Structure formats: structure tokens, C-alpha cells
Amino acid sequence: MMVCEFKPGLEGIPAAQSGISFVDGQKGLLEYRGIRIEELAEKSNFLETAYLLIWGELPTKEELTAFEEEVRYHRRIKYRIRDMMKSFPESGHPMDALQASAAALGLFYSRRDLHNPVYIRDAVVRLLATIPTMIAAFQLMRKGNDPVRPNDNLDYSANFLYMLTEEEPDPLAAKIFDVCLILHAEHTMNASTFSARVTASTLTDPYAVVASAVGTLGGPLHGGANEEVIQMLENIGSVENVRPYIEDCLQKKAKIMGFGHRVYKVKDPRATILQNLAEQLFAKFGQDKYYDIAQEMERVVAEKLGHKGIYPNVDFYSGLVYRKMEIPTDLFTPIFAIARVAGWLAHWKEQLAENRIFRPTQVYSGLHGMEYTPLNQR
Ligand code: SDX
């Protein structure tokens, strides 16, 4: 058996052969199924992009309409799931509520009929359709309100914003939100996708696959960073405080949230698009003082850490976009999950097509031949 060098974080080790997305970290290039992210952000919508990722090709007009209708039809959640969610503590984090709710879908729909394309499509539709409803339901119920029924007249993104507030969203806000979902839909072998593929490789159900990936996405080194960015901007408070804050982080060797990436050594192309979307929102709905702080952070971090390839990642500007839409900060990562479900499901399908259970090895660094010491002698 070939003995490989141990790489913490499996850095640079391929964990799958995949045709879903591609990143060139030196050039700042991201493609979904060969199409550049900038082009999809400009021309596609989230459900079309999800279809592209999951089934490998852009849908025809008829295929897209049928898919959108199926997702629209399955947006409602069972009252038992709503009742279960009502008993969640209102102080709980929405990512934990989402992980529990996604897993609960398996109680109703798991058949593990993994060779049946009808079951695969049904699971894809159900997960894409119900996850936004569950997040919005938790948001309203934790405030003591009844959840809002999905609005069949609204498309995917507008309906989610409607379910959060009971008001039809501004069209520009809904459009920008939809682009945000495209940007977050997929990103090669990131931690949560790896988690999804490991879980998928055991041939468990897709609800367990998504629940495990949601758990992985929540951490502050991964999707959870978008929430921490806003807290950081709040703590910094003014443009003058930016330089001392960054110098302090560097001195303490603390990570600056929303910066750095395992693959990108230049600015994440998604951060560039998100920054542009934030500016469009500010032009229509007014400036945000945190944006001045963010821009100054980008300048100072480039000056101090640019030589290490540390630039803004996807999580740096997304929070400013959602903040302008008055979305609560702790929903930022669940929104990331709404989008990433598309990528996780694409990897689930790809993993099933040529499955081998994940079973890496380890470098044992413990003891051998130890004796058991009886309890009363310890
Ligand atoms: C996402 O993988 C994906 O594709 C993820 C993602 C996706 O779409 O799925 O893009 C989404 O998770 C974005 C990342 C969100 N996380 C953050 O913003 C948290 C802050 N960033 C980091 O902690 C860090 O950059 C990571 C976790 C994103 C990447 O970590 P690595 O590859 O393990 O790098 P590292 O922590 O070992 O750092 C390497 C060097 C170190 O310096 P040296 O010891 O070599 O001198 O870069 C420095 C680090 O100190 N560094 C940072 C830094 N990130 C790296 N220094 C200060 N602030 C930072 N944010």
C-alpha cells in the first residue's frame, strides 16, 4: 500500500473526481459546469443554476418551467415539522434549527431508493423547496408569530424574503438576493461539501446528507464567517479604528473574518460581485457606514497580508448585502445553506454515480501495549 505524507486539513489532496465546478485560485476564476460565475450571476437565476449544477446542463425552457413549478408546489412544510420547530428554544441558533429540521425531513420522506431517478428528483425538489420555508418559519416563530404560508405568486427568492417579513420584497432586493444564491451555490471540495460526500458515500438518505453538511457549514472558519464579519465591523465601529484593529489581530495571530481562503490567493471573484451588489443596494436604499469600514479593512489587509495571498472571501461582503435588506445577522449562514443545498445535492448525485465509501487512513501517534490500571489504583 502506498504511504502518503500526512497533510493537515488534507490540503492539496484530491477527495473526488468531479465535473461540477472549477476554481483557479491564482487567477480568481470560478466556473459552474464550465460557465463562469460572472456570466451566471448576470444571466441566470438560482433555480436554473441549481438545475445546471445537479443535472449537468442548462435546462430547456420547458425543463426549467417544469422544475420551477415542482419546487413551487413543494414549498409548504408538514404541520408536524412546524409543530416540532415551535418547540425549539427561541434563543437557539437558526443553523441548529435548520440542521434539526433538515434531518427531520428524513423522518417523512426517506426511502433510500437511491437508484430511482424519480426518488432522486423528488428529494432534490423537496430539499430546495422546503429549506427556505423552514428557515423563515423559525424566524417568525422565535418572535412568537405564526409562520407565513409560501406565496405561490412569487418566485423562489422573492418568496423567501416575503416569508421572512410578510411583505412583498422590493424587486431589486429580490433580484440581488437571487444573485447571492447563485454565488453561494457551489464551490468545489469545501468542508461542508466534503462532509456531504462522506455522508453520501455510506448510502444514507439525502436528508442526512444535507443535515451533516449544514452542521459543517455553520462554523466560523467556513460559512459562519459571514455573521462574524458583521460583528467585527460593529466592534471596529469607525474607519479610524480599522488599522489598530488589524494590527492588534496580527499581533495576537487572530484570524480576520471574511479574509483568506485555502484556494484563492487573490480576491475571491464572488466577493467582487457581492461588493458590486452591495453598492447597487446602497445607491437605492442609502449608504451603510459599515461599508466604509469594510473598504478600509480591505485596503489595510492588502497592505499587511497581500504578500500571503490574504484577500476578501465570499463571506466578507455578503453580510453587508443582507444587512441592507434588514435580514437578521444570524440568518446569514442559513441563507448560505439555502444556496449551497444545490451544490451538496450535485455532489450527492455525483458521489452515488461512482460510489466508494470514504475510509481514509490515519497516522497513529498514540501508545502501544499499555496495561489497564484498575480504577482504585488511578
Ligand atoms: C468559506 O473552501 C471553500 O471553498 C470555502 C468557501 C465556500 O464557498 O465553500 O469559500 C466558504 O468557508 C470562506 C472562508 C470563510 N472563513 C473566514 O473568513 C475565516 C477567516 N479565514 C481563515 O481562518 C482562513 O483564511 C481559512 C479558514 C478560510 C483558510 O485557512 P487555511 O487554508 O487553513 O489557512 P491558514 O489558516 O493555515 O493560514 C495560512 C496563513 C497563516 O499565516 P502563516 O502562519 O503561514 O504566517 O495565512 C494566514 C495565517 O495566519 N491567514 C490569515 C487569515 N487567513 C489566513 N491571517 C489573518 N487573517 C486571516 N483571515
Side-chain angles (χ1 to χ4, degrees), residues 7-16 18 20-26 28-32 37 40-41 49 53 95 180-197 213-233 236 242-243 245-274 294 297-298 300-320 332-344 346-347:
K7 295 269 188 166
L10 299 183
E11 180 163 5
I13 311 255
S18 180
I20 301 169
S21 64
F22 173 78
V23 174
D24 183 327
Q26 301 296 335
L29 173 83
L30 168 61
E31 292 171 336
Y32 294 170
I37 191 67
L40 289 166
T49 296
L53 289 167
M95 277 301 269
C180 290
L181 295 187
I182 294 175
L183 297 176
H184 287 84
E186 159 64 6
H187 208 243
T188 71
M189 198 52 63
N190 59 83
S192 57
T193 298
F194 182 47
S195 177
R197 283 193 85 124
V214 169
T216 309
L217 183 69
L221 292 186
H222 192 12
N226 55 13
E227 190 178 331
E228 308 247 339
V229 166
I230 294 295
Q231 277 152 16
M232 176 180 74
L233 295 174
I236 294 173
V242 166
R243 190 169 286 272
Y245 175 87
I246 288 169
E247 283 167 355
D248 190 47
C249 284
L250 293 180
Q251 207 221 335
K252 291 179 179 150
K253 295 196 181 307
K255 292 283 159 60
I256 303 158
M257 288 292 133
F259 286 87
H261 198 277
R262 175 66 63 81
V263 184
Y264 290 119
K265 297 305 158 206
V266 294
K267 186 170 176 177
D268 185 328
R270 300 166 298 173
T272 306
I273 303 172
L274 282 160
M297 283 195 79
E298 188 176 340
V300 178
V301 171
E303 179 194 313
K304 303 262 179 204
L305 291 170
H307 66 283
K308 286 192 191 176
I310 311 288
Y311 291 97
N313 62 47
V314 68
D315 286 325
F316 190 58
Y317 286 111
S318 60
L320 289 175
F332 296 176
T333 318
I335 289 168
F336 191 155
I338 292 178
R340 190 52 63 86
V341 165
W344 294 331
H347 282 269

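In listed order, ligands and their atoms are each counted from 1. These values consider heavy atoms only, across backbone and side chains, with no hydrogens, waters or symmetry-generated copies. A quick note: this is a predicted structure, and the numbers were derived from the prediction, not measured.
- Inclusion of Phe259 in the set of residues having an N or O under 3.5 Å from an N or O of ligand 1 is warranted.
- Each of the following atoms of ligand 1 lies closer than 4.0 Å to a heavy atom of Leu221: 12 (O), 14 (C), 15 (C), 16 (N), 23 (O), 27 (C).
- At the top of the distance list for atom 58 (N) of ligand 1, counting protein heavy atoms only, stands Ile256 N, 2.9 Å.
- The aromatic rings of Phe336 and His184 sit perpendicular, their planes meeting at an angle over 60°, well past the 30° parallel limit.
- Close approach to Pro220 involves these atoms of ligand 1, each under 4.0 Å from a residue heavy atom: 16 (N), 19 (C).
- Taking a distance limit of 4.0 Å, we find that atom 26 (C) of ligand 1 is approached by no protein heavy atom.
- Nearest approach of Pro220 to Met257, heavy atoms of both residues: O-SD, 3.7 Å.
- Between the side chain of Arg340 and the backbone N or O of Ser192 there is no donor-acceptor pair closer than 3.5 Å.
- Side-chain atoms of Leu29 and Phe22, non-hydrogen and from C-beta on, do get closer than 4.5 Å to each other.
- Residue contacts with ligand 1, taken as heavy atom pairs separated by less than 4.0 Å, do not involve Leu250 at all.
- Here His222 contributes atom NE2 and Thr216 contributes atom OG1; the two are 7.0 Å apart, rounded to the nearest 0.5 Å.
- Neither the backbone nor the side chain of Ser192 comes within 4.0 Å of ligand 1, counting heavy atoms alone.
- A distance-only check finds no donor-acceptor pair linking the side chain of Tyr32 to the backbone of Gly343 [under 3.5 Å].
- Distance screen at 4.0 Å: atom 44 (O) of ligand 1 has no protein heavy-atom neighbour inside the cut-off.
- Of all protein heavy atoms, the one closest to atom 7 (C) of ligand 1 is Arg340 NH2, 3.4 Å.
- Scanning both residues, Leu183 and Arg270, for their nearest heavy atoms gives O-CD, 3.2 Å.
- Within the 3.5 Å criterion, the main-chain N or O of Thr188 finds a donor-acceptor partner in the side chain of Asn190.
- Within a 4.0 Å radius of atom 60 (N) of ligand 1, the protein contributes at least one heavy atom.
- The heavy atom nearest to atom 38 (O) of ligand 1, considering only Lys308, Lys304, Lys255, is found in Lys255.
- Within the set Lys253, Arg262, His222, the minimum heavy-atom distance to atom 1 (C) of ligand 1 is found for His222.
- The N/O atoms of Ala254, backbone and side chain alike, include none that comes under 3.5 Å of an N/O atom in ligand 1.
- By the criterion of a heavy-atom distance under 4.0 Å, neither the backbone nor the side chain of Val263 is placed next to ligand 1.
- At a 4.0 Å heavy-atom cut-off, ligand 1 touches Asp315 through the side chain alone.
- Residue nearest to atom 28 (C) of ligand 1, selected from Gly343, Gly260, Ser21: Gly260 (by heavy-atom distance).
- Here the shortest heavy-atom pairing between Met297 and Phe316 reads CB-CZ, 4.0 Å.
- Contacts with ligand 1 closer than 4.0 Å are made by heavy atoms of both the backbone and the side chain of His261.
- By the 4.5 Å heavy-atom criterion applied to side chains, Leu305 and Leu250 are counted as neighbours.
- By the 30° and 60° cut-offs, the orientation of the rings of His187 relative to Tyr264 is tilted.
- Of the candidates Val301, Asn226, Leu30, Ile310, it is Ile310 that places a heavy atom closest to atom 48 (C) of ligand 1.
- Residues Ser18 and Arg197 meet the side-chain proximity criterion, which asks for heavy atoms closer than 4.5 Å.
- Ranking the protein heavy atoms by distance from atom 2 (O) of ligand 1 puts Asn190 CB, 3.4 Å first.
- Residue, atom and distance of the protein heavy atom nearest to atom 4 (O) of ligand 1 are His187 ND1, 2.6 Å.
- Heavy-atom minimum distance, Val263 versus Val23: CG1-CG1, 3.5 Å.
- Of all the atoms in ligand 1, the ones that sit under 4.0 Å from a non-hydrogen atom of Ala225 are 15 (C), 16 (N), 17 (C), 18 (O).
- At least one side-chain heavy atom of Glu298 sits under 4.5 Å from a side-chain heavy atom of Lys267.
- Considering all non-hydrogen atoms of both residues, Leu181 and Ile335 come closest at CD2-O, 3.9 Å.
- Considering both main-chain and side-chain atoms, Phe336 never comes within under 3.5 Å of ligand 1 through any nitrogen or oxygen pair.
- Between Gly260 and Asn313, the shortest heavy-atom contact is O-ND2, 3.0 Å.
- At a heavy-atom distance under 4.0 Å, only side-chain atoms of Asn313, from C-beta outward, approach ligand 1.
- For a threshold of 3.5 Å applied to N or O pairs, the pair formed by Arg270 and ligand 1 contains at least one separation below that value.
- Ligand 1 lies out of reach of Glu11, whose nearest heavy atom is not under 4.0 Å from it.
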Run the side chain to side chain contact (heavy atoms under 4.5 Å, CB included) test on Ile256 and Ile310 for me, step by step, so that the C-alpha distance in whole Å, both residues' side-chain angles and the decisive distance to 0.1 Å come before the verdict. CA-CA 10 Å; Ile256 303 158; Ile310 311 288; over 6 Å; no

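- Look at Gly258 and you'll find a heavy atom under 4.0 Å from some atom of ligand 1.
- Closer than 4.0 Å to atom 34 (O) of ligand 1 lies none of the heavy atoms of the protein.
- Distances from atom 17 (C) of ligand 1 to the protein include at least one heavy-atom value under 4.0 Å.
- Taking a 4.0 Å cut-off on heavy atoms, Gly309 fails to register as neighbouring ligand 1.
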